[in-house]
2 protein chains.
Amino acid sequence: MPPSGRPRADARANRLRLLTEADAVFREQGTGASLEAIAKRAGVAIGTLYGHFPTRRALLSALMTERNEAVFAAGDALSAEPPDRALRTWIQLTVTHAATYSGLAALLADGTDDASSELHASCVRMTEIGDTLLRRAIDAGTIHPTTTSADLNTLTTACALAREHTTAEQADRLVAITFTGLLVRTSQ
Amino acid sequence: MPPSGRPRADARANRLRLLTEADAVFREQGTGASLEAIAKRAGVAIGTLYGHFPTRRALLSALMTERNEAVFAAGDALSAEPPDRALRTWIQLTVTHAATYSGLAALLADGTDDASSELHASCVRMTEIGDTLLRRAIDAGTIHPTTTSADLNTLTTACALAREHTTAEQADRLVAITFTGLLVRTSQ
DNA sequence: ACCTGAACACCGTTCAAGT
DNA sequence: ACCTGAACACCGTTCAAGT
């Protein structure tokens with residue numbers, strides 16, 4: 001059972017500094033970075049980090065919270081766009097999101113199926129939004145009707161994973177190629 | 001300078017058993033598996049493993065040698081096939097190859113650009129074969145002419161990486177989608 | 001209620017001693 | 001020439017003691 005009432009002021013400050021430094025370190029070194037290093041940069045002992053975030057994934061999850069909300073909101077807003085443009089923008093959005101830190105895409109990919117992962121809920125939410133946009137695009141007749149929600153997830157995961165091994169430009173080209181592969185082939 | 005003449009019989013036997021067990025362990029646990037475990041299963045001390053294979057990549061490289069030759073030969077043989085079918089088969093082949101062990105695709109992706117990697121030479125060779133098949137398919141008019149050799153590498157890497165996070169069926173669907181994205185869009 | 005940091009566990013890598 | 005395995009280094013994680 002979590003402690004009730006407001007947390008102590010120093011605890012709040014420590015939590016905030018841990019998140020700030022974790023973001024910086026994960027950006028530089030990926031999600032596998034040393035937790036010791038993060039604690040040291042935040043000016044706290046390693047035990048304090050574990051006190052706030054019992055697992056690496058819990059830390060990552062806390063770090064992604066704000067960003068998640070932004071992506072969810074953007075996804076919902078895409079309902080106003082033309083179906084195929086909306087889907088394409090969504091793919092670009094989620095790929096970039098999953099590539100925030102090197103190593104994150106793999107955790108998100110596994111988080112979709114692993115209900116015990118702290119990242120599971122946000123993965124499910126993303127899948128739902130993607131599914132809505134996908135169905136709309138299929139109904140509009142621009143996306144191949146056999147495309148599944150799982151395809152969309154796999155495709156996003158693949159592009160995000162690949163992004164860790166090439167330039168952003170090359171990764172964008174892959175997104176473009178893959179999206180083209182989803183389109184219904186009409187006489188041009 | 002390497003030792004001249006034939007290696008000692010026991011050394012040869014150890015090397016062979018190390019390769020056999022490494023293959024089994026990497027298949028089960030991926031390329032990050034414990035080298036201690038491999039040595040133990042092969043019935044030798046950890047120092048013996050390091051004596052034969054100074055780095056994890058050297059061990060992987062030795063492990064891939066035979067398989068590499070098979071893939072190169074298959075790639076060369078594809079010159080006899082219709083250009084687009086040949087390219088598609090090549091993509092499937094290389095994706096499967098890069099997904100032999102979980103974690104291998106990432107090493108191969110980095111090995112292409114890292115000349116100091118023991119896996120570099122085979123990566124370059126694969127790129128060459130892919131490039132030949134790609135140009136032929138472009139010349140035949142079935143593949144979009146702006147497609148580059150780098151696109152092919154990124155695409156293969158992406159599919160192989162994704163394969164570690166889904167079923168083989170789902171991964172095959174991704175290959176199909178991506179390949180469709182390469183095709184010149186004609187009136188069907 | 002929260003923080004500290006020593007202690008423990010685990011694993012990769014090296015190298016002096018042995019055969 | 002090759003093998004052994006103890007020794008070292010490094011890092012993730014826990015938890016008793018402190019404030």
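Chain letters run A, B, ... following the sequence lines, proteins first, then strands; residues in each count from 1. The structure displayed is predicted, hence computed values, not measured ones. Any value given below was found using the heavy atoms of this structure, including those in side chains, with hydrogens, waters and symmetry copies removed.
- In this structure, B:Arg15 places its CZ atom 12 Å from P of D:dC3, rounding to the nearest Å.
- Taking A:Phe26 as the reference, A:Tyr101 meet the ring pair (Phe, Tyr, Trp, His ring centres under 6.0 Å) condition, with sequence neighbours excluded.
- Between D:dC2 and B:His52, no contact under 4.0 Å exists linking OP1 or OP2 to a side-chain N or O.
- The side-chain heavy atoms of A:Leu155 and A:Leu182, taken from C-beta on, include a pair separated by under 4.5 Å.
- Less than 4.0 Å separates DNA chain C from no heavy atom of any residue of residues 24-34 of chain A.
- Residue pairs meeting the salt bridge (charged side-chain N to carboxylate O under 4.0 Å, His left out) criterion with at least one member in residues 130-146 of chain A, sequence neighbours excluded, are A:Asp131-A:Arg135.
- Residues meeting the side-chain contact (heavy atoms from CB on, under 4.5 Å) test with B:Ala42, sequence neighbours left out: B:Arg17, B:Leu18, B:Glu21, B:Val44.
- Look at CZ on A:Arg12: it is 15 Å from C1' on C:dA1, rounded to the nearest Å.
- Comparing A:Gly51 and B:Tyr50 against DNA chain C, the residue whose closest nucleotide sits nearer the 5' end is A:Gly51.
- If you measure from atom CZ of A:Arg57 to atom P of D:dT13, you get 11 Å, rounded to the nearest angstrom.
- Here D:dG12 presents its P atom at 12 Å from NZ of A:Lys40, a figure rounded to the nearest Å.
- When each of A:Leu35 and B:Arg8 is assigned the nucleotide of DNA chain D with its nearest heavy atom, B:Arg8 is the one assigned upstream, toward the 5' end.
- If you take CG on A:Asn153 and OG1 on B:Thr166, they are separated by 9.5 Å, rounding to the nearest 0.5 Å.
- Among residues at least two apart or in separate chains, side-chain hydrogen bond (donor to acceptor under 3.5 Å, both in side chains) pairs with a member in residues 90-100 of chain A are A:Asn68-A:His97.
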> How does DNA chain D look in dot-bracket notation if pairs are Watson-Crick or G-U with both distances under 3.5 Å, crossing ones as [ ], other-strand ones as |?
Replying inline: ||.|||||...|||||.||

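- Summarising the geometry, the separation between CZ on A:Phe53 and P on C:dC3 is reported as 11 Å, rounded to the nearest angstrom.
- Identified under the salt bridge (charged side-chain N to carboxylate O under 4.0 Å, His left out) test for residues 96-115 of chain A, with sequence neighbours left out: A:Arg57-A:Asp114.
- Within the structure, the salt bridge (charged side-chain N to carboxylate O under 4.0 Å, His left out) test picks out the following pairs touching residues 161-173 of chain B (sequence neighbours left out): A:Asp151-B:Arg173, B:Arg163-B:Asp172.
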Quick test: give all pairs of protein nitrogen or oxygen and nucleotides 4-8 of chain C nitrogen or oxygen below 3.5 Å, distance rounded to 0.1 Å.
unit_1 : atom_1 : unit_2  : atom_2 : d
C:dT4  : OP2    : A:Ala45 : N      : 2.9
C:dT4  : OP2    : A:Thr48 : OG1    : 2.6
C:dG5  : O6     : A:Gly47 : N      : 3.4

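- In this structure, the separation between CG on A:Leu107 and OG1 on A:Thr31 is 5.0 Å, given to the nearest 0.5 Å.
- With rounding to whole Å, B:Leu49 atom CG is found 17 Å from C:dC15 atom P.
- Between A:Asp10 and B:Ala37, the one whose closest nucleotide on DNA chain C sits nearer the 5' end is A:Asp10.
- Distance A:Leu59 CG to D:dT13 P: 11 Å, rounded to the nearest Å.
- Partners of B:Arg125 by salt bridge (charged side-chain N to carboxylate O under 4.0 Å, His left out), not counting sequence neighbours, listed by chain and number: B:Asp76, B:Glu128.
- Identified under the salt bridge (charged side-chain N to carboxylate O under 4.0 Å, His left out) test for residues 83-101 of chain A, with sequence neighbours left out: A:Glu81-A:Arg85.
- Across D:dC2, D:dG12, C:dT14, the shortest atom-to-atom separation from the side chain of A:Arg56 is found for D:dG12.
- B:Thr55 meets the side chain to side chain donor-acceptor pair (under 3.5 Å) test with B:Glu118; sequence neighbours excluded.
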